[in-house]
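One structure is given here, and the rest of the page talks about it.
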2 protein chains.
Amino acid sequence: MSLAHAILAALLECSHSGYDLAKRFNGSVGFFWHASHQQIYRELSRLESAGHLSCELIEQDSRPNKKVYSITASGRSALGQWIGRPASPPPIKDELLIKVFAGHLISKTRLIEEIRRHYRQHRVNLEAYQAAVLSYGDDIGQLSRIQKCEYAALRAGVHYETSRLHWCEDAIQLLLADSG
Amino acid sequence: MSLAHAILAALLECSHSGYDLAKRFNGSVGFFWHASHQQIYRELSRLESAGHLSCELIEQDSRPNKKVYSITASGRSALGQWIGRPASPPPIKDELLIKVFAGHLISKTRLIEEIRRHYRQHRVNLEAYQAAVLSYGDDIGQLSRIQKCEYAALRAGVHYETSRLHWCEDAIQLLLADSG
DNA sequence: TAACCCATGTAACCTGTTACATGATTAA
DNA sequence: TTAATCATGTAACAGGTTACATGGGTTA
């Protein structure tokens with residue numbers, strides 16, 4: 001159900017086509033939820049038949065036509081109700097940790113190199129979150145309630161990526177100290 | 001594919017039944033990967049037909065019989081190869097963050113109460129990770145390579161839960177400061 | 001006597017991934 | 001002229017969830 005609600009949340013600010021959403025799912029809402037374009041198109045049809053979205057066909061020359069979806073009153077209220085229901089924190093599901101856990105099956109060098117790869121990736125992610133956070137300006141106190149909510153959610157990304165970076169450093173140090 | 005490898009990793013130390021594994025997926029490997037018993041039974045059959053596991057039927061009085069699975073040489077080598085292949089960090093997928101992102105649709109009080117609920121949950125999780133970490137003793141330098149790998153993986157849980165707790169505090173403060 | 005533990009599974013369903021398909025326009 | 005961008009989708013499959021089913025033994 002979460003994808004449906006992530007889409008509704010993404011359409012709160014303004015209307016989008018499926019193609020736009022697929023791209024936005026690499027930024028904004030995409031910082032918290034990921035989906036492929038196939039999933040998004042499937043879900044958009046469902047949400048439209050459920051009456052949570054309305055759809056307008058935009059005919060274009062020199063470009064394929066597109067369907068622009070907007071959230072309806074019913075969609076807003078469904079989203080509000082869902083937000084009000086308690087969620088449980090997602091369990092950790094992380095390939096790398098299984099690999100480290102059973103990491104003695106490969107050489108120390110290769111294991112550490114893999115962790116370093118992740119380190120670099122997390123540094124890139126962190127920069128993206130930080131750039132997004134900075135776009136809200138210096139004076140957080142002045143933000144509207146809507147903006148404060150968005151900002152608070154974004155901060156989670158900064159926290160997460162930072163903790164990952166620290167863990168990578170820790171793990172590398174720990175494994176390097178081994179004689180084997 | 002990850003579930004299969006998580007199971008293989010869990011069976012490295014010693015053999016288990018499906019029932020045992022389902023429970024262990026709440027501890028040890030379960031700190032990094034989650035699966036229901038239905039998934040586990042399905043995957044165990046597959047791994048056995050692939051030759052990565054062998055199975056022994058243990059007949060019991062006063063208890064249902066059980067099937068105890070052990071990793072085979074082929075299973076070990078498949079696991080080793082998988083560990084050697086690069087993985088990409090999992091994208092964040094977190095209901096709570098969507099809810100906070102669109103949190104202006106419900107009252108400030110309710111949103112903050114929900115974040116507090118998560119705070120309490122993460123504190124419980126953190127204690128579990130810390131207890132597991134402590135079981136490795138004080139002198140980390142003395143651990144075997146196998147233990148160091150397990151320990152390093154566990155530390156990720158401590159990092160993660162701690163960063164979550166900090167974020168919850170941040171987010172609550174930020175939202176409380178709002179007049180709305 | 002009710003609820004939980006042990007222990008295994010099936011079936012239906014929903015979610016997510018991979019591969020395939022089309023076809024014009026635009027930038028390198 | 002090659003590749004990328006825009007824009008939508010279908011089909012097959014793999015992964016994950018929920019509900020159901022069984023049945024003896026143990027604990028409250």
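Small disclaimer: the values here were computed from a predicted structure and weren't measured. Here is the naming used below: chain letters follow the sequence lines, and residue numbers restart at 1 for every chain.
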Round to the nearest Å and state the distance from [X] atom [atom1] to [N] atom [atom2].
| X | N | atom1 | atom2 | result |
| --- | --- | --- | --- | --- |
| Ile40(A) | dC6(D) | CD1 | P | 15 Å |
| Gln39(A) | dA14(D) | CD | P | 17 Å |
| Glu56(B) | dT8(C) | CD | P | 13 Å |
| Lys23(B) | dC4(C) | NZ | P | 16 Å |
| Leu44(A) | dT10(D) | CG | C1' | 16 Å |
| Phe25(B) | dT17(D) | CZ | C1' | 16 Å |

- Query: Is Asp139(A) atom CG crowded by more than 12 heavy atoms from other residues, nucleotides or ligands, each under 6.0 Å away?
  - Reply: yes
- With a cut-off of 6.0 Å (strictly less than), are more than 12 heavy atoms of other residues, nucleotides or ligands near CD of Gln60(A)?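 Yes.
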- So what does Ser36(B) hit on the nucleic acid, given a heavy-atom distance under 4.0 Å: a base, only sugar-phosphate, or nothing?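 Base, at least one base heavy atom under 4.0 Å.
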- Item | Given DNA chain C, 5'-ward residue of the pair Lys67(B) and Pro64(B), judged by closest heavy atom | Pro64(B)
- Please figure out whether Ser62(A) or Asp20(B) has its closest DNA chain C nucleotide nearer the 5' end. Asp20(B)
Ignoring backbone atoms, establish whether [X] has a side-chain N or O less than 4.0 Å from OP1 or OP2 of [N].
| X | N | value |
| --- | --- | --- |
| Lys93(A) | dG15(D) | no |
| Tyr19(A) | dC6(D) | yes |
| Arg46(A) | dT15(C) | yes |
| Ser17(A) | dT8(D) | yes |
| Gln60(B) | dA7(C) | yes |
| Tyr41(B) | dT8(C) | yes |

- Have Tyr136(B) and Gln147(B) got a donor and an acceptor in their side chains that come within less than 3.5 Å?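 Gln147(B) and Tyr136(B) do not have a side-chain donor-acceptor pair below 3.5 Å.
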- Message: Does either side chain, that of Tyr69(A) or that of Glu56(A), offer a donor lying less than 3.5 Å from an acceptor on the other one?
- Response: no
- Check the pair Val29(B) / Phe101(A) against side chain to side chain contact (heavy atoms under 4.5 Å, CB included), numbers first and verdict last. CA-CA 8 Å; Val29(B) 194; Phe101(A) 184 81; 3.9 Å; yes
- Query: If each of Gln38(B) and Glu43(B) is mapped to the nucleotide of DNA chain D with the nearest heavy atom, which maps nearer the 5' terminus, i.e. the 5' end?
  - Reply: Glu43(B)
